[in-house]
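Have a look at the structure below, then the notes.
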Amino acid sequence: MNLFLLGASHHSAPVNLRERIDFTRRGVVDGLAELAKLPGLSEAVILSTCNRSEIYAACDDPRLMRETLATFLSTYHDMPESELVPHLYTRTDADVARHLFRVAAGLDSLVVGEPQILGQVKEAFTIASEQNYTGVFLNRLFHWSFGVGKQIRSETGLGEGAVSVSYAAISLARKIFGDLSPLRIFLVGAGEMAELTATHLRSQHVRQIGVANRTASHAATLAARIDGNAVAWENINSELASSDIVVTATGSASPILTRNDIAAAMKNRRNRPLFIIDIGVPRDVDPASGEIEQVFLYNIDDLRSIVKENMARRQAQVDAAELMVDTEVDKFMTWLRSRAAIPTVIALRERFDSIRKA
């Protein structure tokens, strides 16, 4: 049995392609159900986040599995295989373990060391295991990755002051505006990413934070938690006109703010600039909105410059973490090779037992 990985991430694919292969649009459980029908695949986990869509599998033939999974991704997400394949990467056995361990530790994240990814890896595994799509190989691989991620965060400086994509967005805002305290902030979305962003913003002592969400109670809950104001969903456009910074993080399958929405808001702003950070995948804001004068629109891929700065600051911690990953990969592969010897050991025992009986 071999381990196999096929995926696309912010390293290999632009945001518009990652949006199209996002499994959360149709549901990870449905994707796993379709995967289970594929020949040659005995175990599967789908890891789908804002920056990656990856399929982890236990299979007999990795070469055949590459073709099978590439065709599956193309068909399932209704896009030409020729358009998708150049952005895909594959891993087998030890490289699968190394990749997952690095992902769980935050070493492969857009912002190195961000803490959310370990929880996302755990959630992906839980969904697959509860649906009985995992077995002895992926169970051991993912549980091992949880330990590696936790160890690296506790024994290196990688987790100290670890930043998330949301924090990187606020860092970008500070570079543009300087002091954020006089500004009015409008947050569209009330999920985990939105709450993290709001927490970082509150630490900057901004003047006001408005929160809107399709579910009004969620907006009210988050607003109360961050000492902000809940905004009715139908009042989004009027809130745009009075805000200085807009952060969107809804996870909507289609844009919630169109170019016309932004253009209408700008008419009432008397030439004041509007800074929009779209950290949703799929994107929440029509990319054409960035063409409007005095509108500064950044999406999740635009955070790469902050990532580079972050990498420079943490390189010593990264090097130590990479050594720990290598050590754990060696240990895991020792276990994996021992599994390959089990059929031989069983056969020998049966042979010896037959000789004993004779």
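The chain is numbered in sequence order, starting from 1.
The OG1 atom of Thr327 sits 8.5 Å away from atom CD of Gln151, with the distance rounded to the nearest 0.5 Å. Here CG of Leu118 is found 10.5 Å from CD1 of Ile152. Values are rounded to the nearest 0.5 Å. Distance check, rounded to the nearest 0.5 Å: CG of Asp22 to CG of Leu17 gives 11.5 Å. Taking CG of Asp93 as the reference point, atom CZ of Arg337 lies at 9.5 Å (rounded to 0.5 Å). Going from atom CE of Met324 over to atom CG of Leu107 covers 10.0 Å, rounded to the nearest 0.5 Å. Distance check: His99 NE2 to Tyr89 OH gives 4.0 Å after rounding to the nearest 0.5 Å.
Side chains of Phe332 and Leu141 form a contact here, defined as non-hydrogen atoms less than 4.5 Å apart. The shortest side-chain heavy-atom distance between Leu257 and Asp284 does not fall under the 4.5 Å cut-off. In this structure, His77 and Arg25 have side chains that are in contact, with non-hydrogen atoms separated by less than 4.5 Å. Side-chain contact between Ile21 and Met79 is present, with at least one heavy-atom pair separated by less than 4.5 Å. Looking only at side-chain heavy atoms (C-beta outward), Leu69 and Phe4 come within less than 4.5 Å of each other. Counting only heavy atoms from C-beta outward, the side chains of Val29 and Tyr133 never approach each other to under 4.5 Å. Annotation: side chain of Pro255 is not in contact with side chain of Arg283 (no heavy-atom distance under 4.5 Å). Cys50 is listed as a side-chain neighbour of Ile300, based on a closest heavy-atom distance under 4.5 Å.
Between the side chains of Asn299 and Asp278, no donor-acceptor pair of N or O atoms lies under 3.5 Å.
In Arg63, the CZ atom is not crowded: 12 or fewer heavy atoms of neighbouring residues, nucleotides or ligands sit closer than 6.0 Å. No more than 12 heavy atoms of other residues, nucleotides or ligands shown are found within 6.0 angstrom of CG on Asp78. Residue Glu234 qualifies as enclosed at atom CD: its count of foreign heavy atoms under 6.0 Å is above 12. No more than 12 heavy atoms of other residues, nucleotides or ligands sit less than 6.0 Å from atom CZ of Arg66. By the neighbour-count criterion of 12 heavy atoms within 6.0 Å, atom NZ of Lys267 is sparsely surrounded, having that number or fewer from other residues, nucleotides or ligands.
Formation of a donor-acceptor pair under 3.5 Å by the Ser9 side chain with backbone atoms of His11 is found in this model. The closest donor-acceptor contact from the side chain of Arg269 to the backbone of Gln294 lies at 3.5 Å or more, if one exists at all. Arg207 places a side-chain N or O within donor-acceptor distance of the main-chain N or O of Pro182, the cut-off being under 3.5 Å. Here the side chain of Ser53 pairs no donor or acceptor atom with the backbone of Thr49 at under 3.5 angstrom.
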What donor-acceptor contacts under 3.5 angstrom involve side-chain atoms of residues 119-126, with partners at least two apart or in another chain?
unit_1 : atom_1 : unit_2 : atom_2 : d
Thr126 : OG1    : Lys122 : O      : 2.8

(request) Please step through side-chain contact (heavy atoms from CB on, under 4.5 Å) for the pair Val103 and Arg52, ending with a clear verdict. (result) CA-CA 10 Å; Val103 168; Arg52 69 184 68 249; 3.7 Å; yes
(message) Go through it in stages, so that I can follow the logic: the residues are Thr258 and Asp261, the test is side chain to side chain donor-acceptor pair (under 3.5 Å), and I'd like the CA-CA distance, side-chain angles, deciding distance and then a yes or no.
(response) CA-CA 5 Å; Thr258 66; Asp261 293 332; 3.1 Å; yes
(request) Run the numbers on Arg98 and Glu328 for salt bridge (Lys or Arg N to Asp or Glu O under 4.0 Å), then give the verdict. (result) CA-CA 8 Å; Arg98 179 173 288 102; Glu328 293 303 314; over 6 Å; no
(message) Would Asp301 and Leu110 count as a side-chain contact (heavy atoms from CB on, under 4.5 Å) here? Give the steps.
(response) CA-CA 9 Å; Asp301 281 355; Leu110 178 63; 5.6 Å; no
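Ion pair Arg174/Asp179 not flagged as a salt bridge, since none of the NZ, NE, NH1 or NH2 atoms sits closer than 4.0 Å to an Asp/Glu carboxylate oxygen. Taking a cutoff of 4.0 Å between a charged side-chain nitrogen and a carboxylate oxygen, Arg259 and Asp286 do not qualify as a salt bridge. Under 4.0 Å is where a charged nitrogen must lie from a carboxylate oxygen, and between Glu83 and Arg20 at least one such pair does.
Test Leu100, Leu88, Leu47 against Glu54 for side chain to side chain contact (heavy atoms under 4.5 Å, CB included) and you get one pass: Leu47.
Note that Arg26 lies in the cation-pi zone of Tyr76, set by a 6.0 Å cut-off to the ring centre and a 45° limit from the axis.
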